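Quick note on labels: first sequence line is chain A, next is B, and so on, each numbered from 1. As the structure is a computational prediction, the values presented were derived from the model and not from experiment.
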Protein chains: 2
Amino acid sequence: MVNLEIFCYNHFMKKDTREALLDSAFNTFYKHGFQGANIATILNDVGINKGSMYHFFKSKKALGLAVIEERIERNLVNKYASIKSVKELFDVLCSAPKSLAYGCPLNKMSQEMIYIDTDFQKLLSTTYAKFETLVQMILEREKVEDSELKAKQIIATYEGALMIYHLNQSSDGFERVLRCLEQNI
Amino acid sequence: MVNLEIFCYNHFMKKDTREALLDSAFNTFYKHGFQGANIATILNDVGINKGSMYHFFKSKKALGLAVIEERIERNLVNKYASIKSVKELFDVLCSAPKSLAYGCPLNKMSQEMIYIDTDFQKLLSTTYAKFETLVQMILEREKVEDSELKAKQIIATYEGALMIYHLNQSSDGFERVLRCLEQNI
DNA sequence: TCCTTACTTGACCTTTTAGTCAAGTAAAAA
DNA sequence: TTTTTACTTGACTAAAAGGTCAAGTAAGGA
């Protein structure tokens, strides 16, 4: 088997460095927070050097903003755009603890950054709006009344319940709270 | 008027330094996050020197834990222990944006620290449990059924709605979401 | 009055951090 | 083949951070 990768600087094919950087940065920011994360960890994780990163992103902040646009938002759309029914929506919401090891990435980043940096604030606010719209569309497909308010209510409950879940390290209550809400939709 | 303070090192009376330190640390951590906050800011704000702070708290972490115990938890108890009815509870919850400029201090600190440090995690988890108990007691006084689940639901919705409020910088929806929940209690 | 304790000062130390840069390498266009 | 462009290297910088410490000050008890 011919390994084309040996012709490259590292084990990535050119443009993949940027993607690997975004993946690692997403994970690192997700666990440690943006301010708490250090770039050396990400670099070490990806297996590249400083200059290589600063070729793609002019600063830590630029990397953070790109993570929001190209990972957090993308993941959200991937997860919610294909949902076909309210029942399915609640199933997906209830399964969150399985995939979201450190809470909701959007919520966590928001709580940390909205009063620290206005560029983060704007981007996070926009991303949230898209999330709300996706949920609202699911509700409207089933002619749920007051879909805007209901979408806010579902997201609020979901975000809060997920926070409680992580604080208690126990899923007791998480699903019950959401299923209880489902009854009232 | 005799000013007793002129006999002291700074403008505080002895033990007040610790309290002033906790006040400033609470505000600073609340706005910037624990990891994002720097001690120099707090010191400058209080008007004291490094060594003076390290006399009371052996590390930044110790200061953080003290802030949770002696400010975040205390504020929570002050706010919720005196509430007499479910109606009053929802009024207090609805007024949160007025007093909580950067979101819920407990939620914010939790999202940041639970997977960073287990001492923080334990303390925050305990503090949340007290919050939940306080809310549950209010519900039980009015013989609300399933008070434990209802308490979780109220807190979850409140926390999530507050997050959305801060992200959007607009109170549109916040109160409506809570009042809608109130109907179903 | 003296001594002990509690608190404060501010200079200093060490580590960590984000960010820079000149030089090098390889792929692809000319 | 030559040149250009894109990417990478790794040593370096400067600033910021948390934390230490010896010396000093004041209050209160003995």
Check your understanding: Between E19(B) and R71(B), is a salt bridge (charged side-chain N to carboxylate O under 4.0 Å, His left out) present by the stated rule, with each step listed?
Key -> CA-CA 10 Å; E19(B) 293 300 301; R71(B) 286 294 178 277; 3.0 Å; yes
Practice item. Map A37(A) and G51(A) onto DNA chain C by nearest heavy atom, then report which one ends up closer to the 5' terminus. Key: A37(A)
Practice item. Please say which of H166(A), Q169(A), M163(A) ends up in a side-chain contact (heavy atoms from CB on, under 4.5 Å) with I114(B). Key: H166(A)
Review point. So, N38(B) and T41(B): side-chain donor and acceptor under 3.5 Å apart, yes or no?
Key: yes
Review point. To the nearest angstrom, how far is K58(B) atom NZ from dG19(D) atom P?
Key: 10 Å
**Study point:** Gap between atoms CE and C1', on M53(B) and dA6(C) respectively (whole Å)
**Key:** 17 Å
**Study point:** Trace of the salt bridge (charged side-chain N to carboxylate O under 4.0 Å, His left out) decision for E88(A) with K84(A)
**Key:** CA-CA 7 Å; E88(A) 191 188 342; K84(A) 300 286 178 219; over 6 Å; no
Study note, to complete from the structure: Closest of dG19(C), dT9(D), dT8(C) to the S52(B) side chain is dT8(C)
**Study point:** Separation of dT8(D) P from F57(A) CZ (nearest whole Å)
**Key:** 12 Å
Review point. Can a side chain N or O of T17(B) be found less than 4.0 Å away from OP1 or OP2 on dT8(C)?
Key: yes
Review point. Is it true that a side-chain atom of S110(B) and a backbone atom of L106(B) form a donor plus acceptor pair closer than 3.5 Å?
Key: yes
Review point. Counting side-chain heavy atoms from CB outward, which of dT20(D), dA18(C), dT8(C) is closest to H55(B)?
Key: dT8(C)
Check your understanding: Just how far, in rounded Å, is C1' of dA18(C) from CG of L21(A)?
Key -> 14 Å
Study note, to complete from the structure: To the nearest angstrom, the CG-C1' distance between L43(A) and dT20(C) comes to 14 Å
Study note, to complete from the structure: The nucleotide from dT8(D), dG19(D), dA18(C) with an atom nearest the side chain of I39(A) is dA18(C)
Check your understanding: Between dG18(D), dT8(C), dA18(C), which one does the side chain of F56(B) approach most closely?
Key -> dT8(C)
Review point. Which whole-number value in Å describes the distance from R18(A) CZ to dT8(D) P?
Key: 12 Å
Check your understanding: What's the closest nucleotide to the K50(B) side chain, out of dT20(D), dT8(D), dT8(C)?
Key -> dT20(D)
Exercise for review: Find the distance H32(B):NE2 to dA17(D):P and express it as a whole number of Å.
Suggested key: 11 Å
Practice item. Quickly work out the N49(A) CG to dA18(C) P distance and round it to whole Å. Key: 15 Å
